[in-house]
Each structure stands twice: as C-alpha cells, then as structure tokens.
Protein chains: 2
Amino acid sequence: MYTIGQVSEMFSLPVSTLRYYDKEGLFPDMERKSGIRQFSEKEVDALRVIECLKASGLEIREIKQFMQWCSEGPSTFEKRRQLFANRKAALEEELAQLNKTMDMLKYKCWYYEQALKNGSEEPILALLPDHLPEEIQKLYDNCHK
Amino acid sequence: MYTIGQVSEMFSLPVSTLRYYDKEGLFPDMERKSGIRQFSEKEVDALRVIECLKASGLEIREIKQFMQWCSEGPSTFEKRRQLFANRKAALEEELAQLNKTMDMLKYKCWYYEQALKNGSEEPILALLPDHLPEEIQKLYDNCHK
DNA sequence: GCTTGACCTGAAGTCAGCTTTAGGTTCTAA
DNA sequence: TTAGAACCTAAAGCTGACTTCAGGTCAAGC
C-alpha cells in the first residue's frame, strides 16, 4: 500500500494530478482509510496503463470507461481488446504522419545549411521542384505530396 | 492571389482559423485590398510550413517568431537552421516514446486475445514477468523498462 | 497535548488554440 | 441598383487537462 505522496514520487506526477484522476473515476475501486487514499499494486498498475493510453491519445473520459470495464470482469474482454486494437491503428496513422513531418524537418535542416553556405536561398530555390540532390529530393517529395 | 475562402478550401482549414493565424502574426507581410486579405504564393508556402511546425509540436508564438525571422532575410539563416535542428531532435525523442507506447498497445492486444481465448486473465498473469512467448516478451520488456 | 507535515475537499483559475457571436463592409451578378 | 454571398472586426465563449486556493482533518514525533 502506498500513500498519494509515494505514488506521486514513483511516477513523477504532482499529487494534484493523482487526485484529479481519482475524481475523474480512473481508480474505480480504490480504498480509503479514514478518508485517506490507499494506492495498492492494482492502482499502480492502472496508472501505468493510464500513462500508455494517454500517450496513445486517449481522453480521460475514455480511460475512465476502460477502467470501469476492467472492474466489470471477463465479460468486457472483447470491448477492451477492441479499444487497444483501435488505439494501435490510430497510433500507426499518427506515426506515419509524424514520419512525413520528420522528412520535412530534415529537408529544412539541409535547406538552411545550404542557405548558410551560400549566403542566399536563391540557388536552392532554383533546384525546385525536382532537381534537388537525390537523397534530399526523396525527403522533399515525401513531405510535399 | 487567393481569397481567404479559397485558402480555407485548399488546406481544409476553417476561415476562422486562418484569421486567427493572421491575428497571431503568422503572415507578417500579407497584403490587403480595401481591408480584404490577399493570400499570395508566399502565404500559401508559409501555411505549409506552419502545418509542419505545428505537427512537430511548436506553439503558435514560436511559429510567429520563425515567420518574423523569414521576413528579416539572410541574417536569420542560422536561427532558422537551429530551430529546425531542435525540432528534429525533439521529434526523434517523441517518436522513440511513441514506439514504446506502440509496443505496450501490441502487448495489450495480444493479452486480450489470449484472455478471450481462455476466458480468463489468470493463465497470462502466471507468465509474468519473464515467461511470456519470446516475441511478446520483447514487447513487454520494451515498454516496462 | 501540541506542533507540523501530509493528507483531504470543492470551487475557481489557467492555458492553448480555436470557434462563435454580433454587427458591420465589400464584391458580384442579375 | 440591389440582393445576397463572402469578407471584416473585437470580444466573448469553449474544451481538456490540469493547477491553485481556501479552509479543514489526520497522524507521527517531541
């Protein structure tokens, strides 16, 4: 059993955030002793999942839904599986988009390195839209389509 | 030259968002004709960069700074290069984190497939923390460290 | 018994990034 | 020339995820 302060330390999360999560229903079965929250292994595990779901883009109220499914037992396995499958698909999408963004950033890094070397953007702009060096052209095409 | 409505169509962005960007200083040199905004190729290009910088996690006021550097000419090449280099490093970090999140999602997908097959979580929990099937163990380790 | 630090609550405040509202102006086509 | 679509502004409103505040309770050591 942990106090809210100990859990705050473990996860580097402010105590106020943990209380907020609790108020939002993210720890549906957490116990209390004379008003004071008792975080068990169960809540600590839940918090790990919460961090993951948050990182995958889920909103608090959807995480609450998931936590409620968890405390309803095996009848909600399919719903939970669906949730993770949907999150996985959404994150794959997002990663693909971020990789495009990354190519734009790489292109722009190259662009400004050249601009600094030349003291001007003109010589680079003259190569657009399809006479850039091969590697750079790939980046440019990938993020301009 | 484009009207705000045409640009809104081109980028699938609400007109109100374009006006908001303008108010925030993201188009520092945009012209007007009797009060009406004239989007030139320059502003359209700017908007492409804005979308990229936003996707990379930059805030509006930082994008404004960048746009101002752009209209100050070659003396700011180095600052602009730095900006993109920093963004690239930050996005690499973020991608690494998201890949961990992805491993957690994959693990959870597997977990609930098994739970559904077995009708219970117990047989899986018995394999923790290091007797999972090889491929799954990798995912589990990668997101629990 | 008393102090002090960690806990508790409900309500209000904050922040970014828009969106909506209300009221007005300008352009376009019949 | 006039209707109506598309433009304009300033200001207020919204949303999600917290954070801060004011005021109170609990527990451990002296």
Side-chain angles (χ1 to χ4, degrees), chain A residues 1-40 43-44 46-68 87 90 94 97 101, chain B residues 1-40 43-44 46-68 87 90 94 97 101:
Chain A
M1 288 291 177
Y2 307 95
T3 67
I4 199 170
Q6 289 168 328
V7 177
S8 157
E9 284 276 293
M10 286 164 59
F11 285 84
S12 303
L13 282 176
V15 164
S16 61
T17 301
L18 295 172
R19 287 206 263 254
Y20 167 69
Y21 286 173
D22 186 25
K23 197 167 61 176
E24 294 300 303
L26 266 46
F27 306 116
D29 305 321
M30 186 160 53
E31 303 206 341
R32 293 189 178 226
K33 212 164 98 188
S34 57
I36 289 175
R37 292 175 183 84
Q38 310 282 105
F39 286 77
S40 69
E43 276 75 37
V44 171
L47 203 39
R48 272 190 276 271
V49 177
I50 288 167
E51 300 250 270
C52 163
L53 290 175
K54 244 168 50 88
S56 87
L58 222 61
E59 292 179 11
I60 297 292
R61 66 167 176 283
E62 302 173 285
I63 300 179
K64 170 188 180 173
Q65 174 67 272
F66 172 75
M67 290 305 164
Q68 277 171 355
R87 273 304 90 195
E94 200 196 330
Q97 179 51 56
T101 299
Chain B
M1 287 292 178
Y2 307 96
T3 66
I4 200 170
Q6 289 169 328
V7 177
S8 157
E9 285 276 293
M10 287 164 59
F11 285 85
S12 303
L13 282 174
V15 165
S16 61
T17 301
L18 294 171
R19 288 205 263 254
Y20 166 71
Y21 286 174
D22 186 26
K23 197 168 61 177
E24 293 300 303
L26 266 45
F27 307 115
D29 305 322
M30 186 160 50
E31 303 206 342
R32 290 187 179 229
K33 213 163 100 187
S34 57
I36 288 174
R37 292 175 182 84
Q38 310 282 107
F39 287 76
S40 69
E43 277 73 38
V44 172
L47 203 38
R48 271 191 276 272
V49 177
I50 288 167
E51 300 250 272
C52 163
L53 289 175
K54 244 168 49 89
S56 87
L58 221 62
E59 292 180 11
I60 298 291
R61 66 167 176 283
E62 303 173 283
I63 300 179
K64 170 188 180 172
Q65 174 67 272
F66 172 75
M67 290 304 164
Q68 277 172 354
R87 273 304 89 196
E94 202 196 326
Q97 179 51 57
T101 298

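Computed from a prediction, not measured in an experiment: that's the story for all the values here. Quick note on labels: first sequence line is chain A, next is B, and so on, each numbered from 1.
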Would you say a side-chain N or O of R61(A) is under 4.0 Å from OP1 or OP2 of dG16(D)? yes

Whether R37(B) contacts dC7(D) is assessed here as follows: a side-chain N or O lying under 4.0 Å from the phosphate OP1 or OP2. Is that the case? no

N/O (side chain, K54(A)) to phosphate O (OP1/OP2, dG16(D)) under 4.0 Å: no

Would you give the length of the straight line joining atom CZ of F39(A) to atom CZ of R32(A), rounded to the nearest 0.5 angstrom? 9.0 Å

Which part of the nucleic acid, if any, lies within contact of S16(A), taking any heavy atom under 4.0 Å across all strands shown: a base, the sugar-phosphate backbone alone, or nothing? base

Have a look at R19(B) and say if it touches a base, only the backbone sugar-phosphate, or nothing, with a 4.0 Å heavy-atom cut-off. base

Value in whole Å for how far the P atom of dT26(C) lies from CD of Q38(B): 14 Å

Just N and O in the side chain of T3(B): are any of them under 4.0 Å from OP1 or OP2 of dA6(D)? no

Contact class for S34(B) vs. all strands (heavy atom < 4.0 Å): base, sugar-phosphate, or nothing? sugar-phosphate

Measuring from K54(A):NZ to T101(B):OG1, what's the distance to the nearest 0.5 Å? 11.0 Å

Identify, between Q6(B) and I36(A), the residue whose nearest nucleotide on DNA chain D lies closer to the 5' end. Q6(B)

Once you apply a heavy-atom cut-off of 4.0 Å, does E59(B) come out as touching a base, just sugar-phosphate, or nothing? sugar-phosphate

Spell out, as yes or no, whether a donor-acceptor pair under 3.5 Å connects the side chain of E51(A) to the backbone of R48(A). no

For the side chain of S40(B) and the backbone of M1(B), is there at least one donor-acceptor N/O pair under 3.5 Å apart? no

Closest-nucleotide ordering on DNA chain D, the 5'-leading residue of I4(B) and K23(B): I4(B)

